[in-house]
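Contents: one structure, followed by commentary.
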Amino acid sequence: MPNRPLIGRTAVVTGAGRRAGIGFATARRLLAAGASVLVHAWTPYDVAEYEVASAEPETALAELRKGGGRVELLQADFADPEAPGAVIGAARDAFDHVDILVVNHTRSTHVPLEGLTAEHLDDALHENVRAALLLVKEFAAQHDGREGGRVILMTSGQHIAPMTGEIAYAVSKGALHQATKTLAEALIDRRITVNTVNPGPTDTGWGLAEIEPKAMPLGRWGEPDDAARLIAWLCTDDAQWITGQVIDSEGGFRRWAT
């Protein structure tokens with residue numbers, strides 16, 4: 001495989017404003033492969049959820065630019081139904097055409113059934129499902145049928161085992177899992193492949209590092225770059241024959257050992 005297989009292609013990566021996250025690692029991989037990248041962030045959520053500094057996206061952008069390549073940053077709140085169109089539109093304004101869409105952003109509620117409210121459900125469904133599908137719609141609308149069209153969605157392990165502590169999140173991620181084959185069928189004639197990645201337990205800064213990884217046979221939790229390597233490969237021509245798949249990349253995670 002050539003060292004920079006994505007030269008001449010443009011990607012949008014959502015939820016890439018935190019340096020500890022999978023989105024940032026993915027953007028870095030895509031840039032290293034030669035792509036131009038628009039990274040999306042929504043700092044108010046990151047501050048509330050992860051207590052990161054408000055300057056984090058700008059710091060992340062500066063770090064991405066150190067590696068070379070064209071990269072731009074856009075802040076957008078996917079609670080707004082107009083935001084997906086604005087994100088794809090901004091990428092087109094910056095780079096003319098978008099070849100790759102990585103839907104990495106998420107809203108996690110951390111709420112079990114007894115605490116569930118209509119607001120929790122609306123937040124998860126609007127930001128995780130509605131925004132994802134509208135992003136795919138806007139991406140597909142501007143794609144001109146050239147080779148290399150790629151959509152990568154992100155799910156979790158809800159299709160493998162229960163997630164009782166995050167009901168709304170699990171349901172919304174399950175929706176993306178179920179949408180994968182339908183979107184793949186809808187877009188393959190446009191030369192766009194659609195695949196979904198389940199990265200398994202990954203240390204992205206929400207406390208996993210404080211837990212002993214006894215459920216991981218390789219002795220560590222997943223790192224953001226573990227998922228990013230797979231996502232970046234799925235974006236290359238080497239993966240052009242793969243579509244409609246949900247790929248579990250969990251490092252042998254033994255749920256029964258947790």
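One is the number of the first residue; the rest follow in order along the sequence. All values derive from a computational prediction rather than experimental measurement.
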Shared hydrophobic cluster, L230 / V37 (ILVMFWY, side-chain heavy atoms < 4.5 Å): yes
Nearest atoms (heavy-atom pairs only) where Q158 meets A170: CG-O, 3.4 Å
Considering all heavy atoms, the nearest M216-P201 contact: SD-CG, 3.8 Å
Side-chain heavy-atom pair V71, V39 within 4.5 angstrom cut-off: yes
Contact check, side chains of E72 and R65, non-hydrogen atoms, under 4.5 Å: yes
Whether over 12 other heavy atoms sit under 6.0 Å from D144 CG: yes
Side-chain donor-acceptor contact under 3.5 Å, E138 with H143: no
Cluster companions of F139 among Ile, Leu, Val, Met, Phe, Trp, Tyr (side-chain spacing under 4.5 Å): V12, L38, L74, F78, V87, I88, F95, V98, L101, V103, L125, V129, L133, L135, V136, V151, L153, L183, L187, I192, V194
Residues T202 and E223: side-chain donor-acceptor under 3.5 angstrom: no
Residues E250 and R255 bridged, charged N to O under 4.0 Å: yes
Result of checking N198, T196, T155 against D248 for side chain to side chain donor-acceptor pair (under 3.5 Å): N198
With M154, the side chain to side chain contact (heavy atoms under 4.5 Å, CB included) member among T26, I22, T106, T14: I22
H97 side chain to D99 side chain, donor-acceptor N/O pair below 3.5 angstrom: yes
Lys/Arg N to Asp/Glu carboxylate O, D225 vs R229, below 4.0 Å: yes
salt_bridge(E56, R18) N-O dist < 4.0 Å: no
Beyond-backbone contact of S36 with R9, side-chain heavy atoms, under 4.5 angstrom: no
Transitive ILVMFWY cluster of V246, excluding itself - 4.5 Å side-chain cut-off: none
